[in-house]
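First up is the structure itself, then whatever we jot down about it.
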Amino acid sequence: MLFKKKIFLVSLIFSFLIISNIIFALGIGASPARIHFSNMLRGGYAEATLVISNPGDQEIMVRVGAEGEISNWISFDPSEPFPISGKSAKTVVIMVEPPSDQPNGIYNGTVIAVSSPPPGEIGGLAGAVAVSAVGITLQAQINDIEIKDYIVERVSVVKAEECKPIQVIVWIRNTGNVRITPTFHIDISDKEETKILKSFDHIGKEILPTRTEYISIKIPPDLPQIECIPVGVYKLRLIAYLNSEVKHDQKYYLEIVPRGTLSIKGELLELNVKGNATMGELLKVTGKFKNTGEVPVEAKLKIEDYLGGTLLGVSESETLEILFGETSDLTVYFTPWMFGRHNLRGTVLFSGKVSNEKEAFVDVAASLLFIIGIVIVIIIIIAVIYFIRKRKPELFKKLKRKRVKK
Amino acid sequence: MSKYTPLLVVIVVILVLFLLYQNFESVITSVTGLWSAWNWSWSNVSVGAAAPVVEDVLLEDAPNDGGSNVIVLYGGSNKTVWCNATVVDDNGGANFNTSWANASIFDTDYTNYQSCNQESEWDNNMCYFVPNETYNANCTWGARKNDTAHYLNCTFEMRYNANYTNETSNLNWICTINVTDADNYNGSGTNTSNVSQLLAVAVDSVLEFGNMNVGDYGCQGCTGCDQNPDTVCEDLNHTVWNYGNIQMDLALNGTDMSGSNCGGAGYIDVQELHYNCTSYTNSWSKMSPLTETSTSVNCTGFDLYKSTTPQGPPADSTKKLPWKLHVPSVSGYCEGNITFNAIDGR
């Protein structure tokens with residue numbers, strides 16, 4: 001009787017533990033809750049970022065889609081489902097492109113971010129897996145009036161070493177509905193602004209409507225006015241134009257420090273590639289690089305592909321400018337032409353320096369085409385031998401006699 | 001008397017005045033601009049104590065997901081918010097070692113914002129301040145910018161229930177940094193940013209109706225329920241959490257309950273699942289039928305408010321959504337999905 005009671009008690013505890021494990025809260029968050037695209041052009045473009053967060057502790061898979069009358073105008077980056085680990089977030093870019101024949105008006109839609117159902121068994125006859133989702137209200141106003149404008153959101157004048165390029169970083173938000181190309185004029189003068197030491201003009205890159213991008217202006221040390229500005233504190237005047245209209249005119253301090261003062265440091269944090277591939281498949285290798293120094297660097301990822309200790313090839317990414325304190329993904333594409341376990345060793349080359357090395361592995365399987373090719377080659381060899389033997393049997397007889405003599 | 005006597009007298013007078021007048025150097029300096037270069041050892045010019053100046057204040061979150069001037073909160077979590085500045089003190093770098101700094105961030109709708117510098121005023125919804133280790137907020141002196149300027153970095157752990165920036169009332173958040181230097185002079189600076197609206201939901205992962213008989217309306221253990229659709233009885237309550245900073249409603253949809261172990265008819269139609277967004281303990285027939293995924297129905301009136309907990313981790317803001325199921329002629333085990341889509345409930 002006592003034994004039965006014990007069994008019952010143990011079963012009860014186990015059941016409780018199992019139920020506790022099965023039922024848990026699954027959630028999703030998104031910010032902002034409403035997005036309004038105003039003053040759009042027919043056939044124009046606008047974008048906004050949506051930050052999707054996971055309030056739970058477990059990883060969730062998220063897929064994003066659009067509903068409503070503007071659903072066909074909307075695309076996402078990333079467009080595929082993606083994971084978000086517990087208590088963290090990811091950014092999705094929502095891109096809106098109304099058709100060129102769309103009449104003026106206000107159009108509505110919803111962006112829905114859905115977290116995937118969790119795995120698990122449900123007890124009893126009937127049950128439902130609860131899926132959490134968030135619906136973000138979208139509104140797009142089309143008035144087909146061209147607006148060309150931007151605002152300078154932030155300016156950073158980077159501390160520079162003597163006789164090295166001076167760098168100014170300008171964050172610009174395109175507040176209009178057409179592409180813009182801002183231009184800049186910079187004057188560097190002494191602290192008291194009695195004399196202009198250097199002047200420089202720069203044409204920025206093209207920025208799409210509603211997008212915020214930074215423009216990096218590099219003032220070379222070999223300008224005709226003065227070759228090297230001595231160590232000290234100076235005034236830098238930045239004027240930003242849209243065509244001939246002044247959009248921003250402000251003065252900043254510029255500090256020139258002795259050569260070798262500023263540290264150039266960086267770290268390759270991760271090297272990622274998908275674990276399995278087939279021969280001839282184009283693979284994307286991503287290296288997460290953090291600029292831990294005090295100046296922006298131009299960095300590129302270098303990948304060495306080893307198979308069984310033999311170096312098969314080297315691939316390099318495009319050069320990307322990474323601001324100090326920032327982390328960016330550098331991407332290399334490569335195609336493995338041999339099957340087996342490839343060992344990829346990545347380093348980042350930046351400002352004449354080489355980062356730490358990271359490794360990644362990819363198991364490459366022989367492709368169907370390769371196997372068919374091998375089979376065809378074997379068949380051809382057998383066929384050739386067969387035909388030679390049939391047409392010229394004396395050749396094989398000679399070979400046989402030679403072997404007998406030996 | 002020589003013809004040079006008047007000239008000698010003038011020179012002597014100038015020399016006497018020169019020696020007597022201690023600030024002569026500064027007078028000459030101001031007139032010619034050259035004196036300072038001579039570096040006279042007896043010069044006695046002193047720089048007065050200067051008040052610190054707080055420049056380039058920037059309030060932003062990390063990571064800065066929403067771009068400049070926008071703080072994006074994460075559902076159910078804290079978000080690190082920085083308020084950084086450059087402090088300039090013409091008395092030199094040594095002054096920074098003993099300088100004292102504090103910072104606060106508050107929303108502009110907070111009428112008592114001037115008091116946002118004491119423990120009793122701390123409010124997750126509208127007021128955060130430093131220094132106070134209890135509240136995970138901190139101000140530290142960063143690197144030296146130059147001989148007279150230093151970076152100051154203050155961090156706050158903003159809760160998910162912090163007030164959002166209202167588009168119509170233009171409510172936004174202000175960071176104020178106050179600095180007192182070694183000479184007891186004060187300086188301050190401010191910067192403004194917006195806090196984005198956060199819509200975030202969590203739900204219990206499963207709804208278990210349990211072992212029911214064919215023809216039942218309700219759930220296993222729903223007291224008072226029977227095989228009559230009009231019987232008023234208990235519900236299967238499903239918990240919904242609001243992990244954002246705005247009031248929310250729900251839009252609901254689902255799928256038929258089916259599966260390889262679902263015998264008899266082979267499925268339970270999604271419309272056999274009934275819910276009620278505004279009241280509890282109704283009969284199955286008085287509740288709304290769930291619809292398929294393609295036609296989600298808004299559960300307006302659910303009105304789940306954001307958590308308003310002022311101090312410490314925000315208490316859960318939850319609400320139960322009542323459900324009942326009618327079991328048709330099935331056997332075994334049938335399973336479907338219900339999507340709880342949180343929508344803006346303001």
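First the proteins, then the strands, lettered A, B, ... as listed; each starts at 1.
- Annotation: the span from A/Gln58 atom CD to B/Ser205 atom OG amounts to 8.5 Å, rounded to 0.5 Å.
- At a 4.5 Å heavy-atom cutoff, the contact between B/Ser331 and chain A is made by backbone atoms alone.
- For A/Thr91, the part lying near chain B is the side chain, with the backbone staying farther off; criterion is any non-hydrogen pair under 4.5 Å.
- If you take OH on A/Tyr252 and CG on B/Asp56, they are separated by 9.0 Å, rounding to the nearest 0.5 Å.
- Residue B/Asn69 holds its CG atom at 6.0 Å from CD of A/Glu153, rounded to the nearest 0.5 Å.
- For NZ of A/Lys265, the number of neighbouring non-hydrogen atoms (other residues, nucleotides, ligands) closer than 6.0 Å is 12 at most.
- Heavy atoms closer than 4.5 Å to chain A are found in the side chain of B/Ile246, but not in its backbone.
- Contacts of B/Glu272 with chain A are absent, with no heavy-atom separation under 4.5 Å from either backbone or side chain.
- Contact of B/Leu325 with chain A is made through the side chain alone, with heavy-atom distances under 4.5 Å.
- Taking B/Gly76, B/Gly244, B/Gly75, B/Cys219 one by one and counting their heavy-atom pairs under 4.5 Å with chain A, the maximum is reached by B/Gly75.
- For a residue to count as touching a neighbouring chain, one of its non-hydrogen atoms must lie under 4.5 Å from one of that chain's; by this rule A/Lys159 touches chain B with the side chain only.
- Neither the backbone nor the side chain of A/Ile52 has a heavy atom closer than 4.5 Å to any heavy atom of chain B.
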Query raised in the report: Stepwise, does the side chain to side chain contact (heavy atoms under 4.5 Å, CB included) test hold for A/Ile136 with B/Leu199?
Result: CA-CA 8 Å; A/Ile136 305 301; B/Leu199 186 61; 4.2 Å; yes
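- Residue contact with chain A, scored on non-hydrogen atoms closer than 4.5 Å, is absent for B/Val240.
- Annotation: maximal heavy-atom pairing with chain A below 4.5 Å, among B/Met248, B/Met257, B/His238, occurs at B/Met257.
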Query raised in the report: Hey, mind stepping through B/Val201 and A/Val134 against side chain to side chain contact (heavy atoms under 4.5 Å, CB included) and telling me if it holds?
Result: CA-CA 7 Å; B/Val201 65; A/Val134 279; 4.3 Å; yes
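- Atoms OH and OG, from B/Tyr243 and A/Ser132 in turn, are 11.5 Å apart once rounded to the nearest 0.5 Å.
- The CD1 atom of A/Ile112 sits 4.5 Å away from atom CG of B/Asn341, with the distance rounded to the nearest 0.5 Å.
- With chain B as the partner, the residue from A/Val51, A/Val233, A/Thr110, A/Thr212 showing the most heavy-atom pairs under 4.5 Å is A/Val51.
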Requested in this report: Would you sort out whether B/Leu58 and A/Arg154 count as a side chain to side chain contact (heavy atoms under 4.5 Å, CB included), showing the intermediate values?
Outcome: CA-CA 10 Å; B/Leu58 181 66; A/Arg154 206 183 337 156; 4.2 Å; yes
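- Most heavy-atom pairs under 4.5 Å with chain B, from the set A/Pro55, A/Ala113, A/Ser88, A/Gly29: that is A/Pro55.
- Within the model, atoms OH of B/Tyr74 and OG of A/Ser31 stand 10.0 Å from one another, a figure rounded to the nearest 0.5 Å.
- In terms of non-hydrogen atom pairs under 4.5 Å with chain B, the most contact-rich of A/Ala48, A/Ala89, A/Gly56 is A/Ala89.
- In this structure, no portion of A/Arg173 lies under 4.5 Å from any heavy atom of chain B.
- The parts of A/Ile28 that come within reach of chain B are both its backbone and its side chain, each placing non-hydrogen atoms under 4.5 angstrom from that chain.
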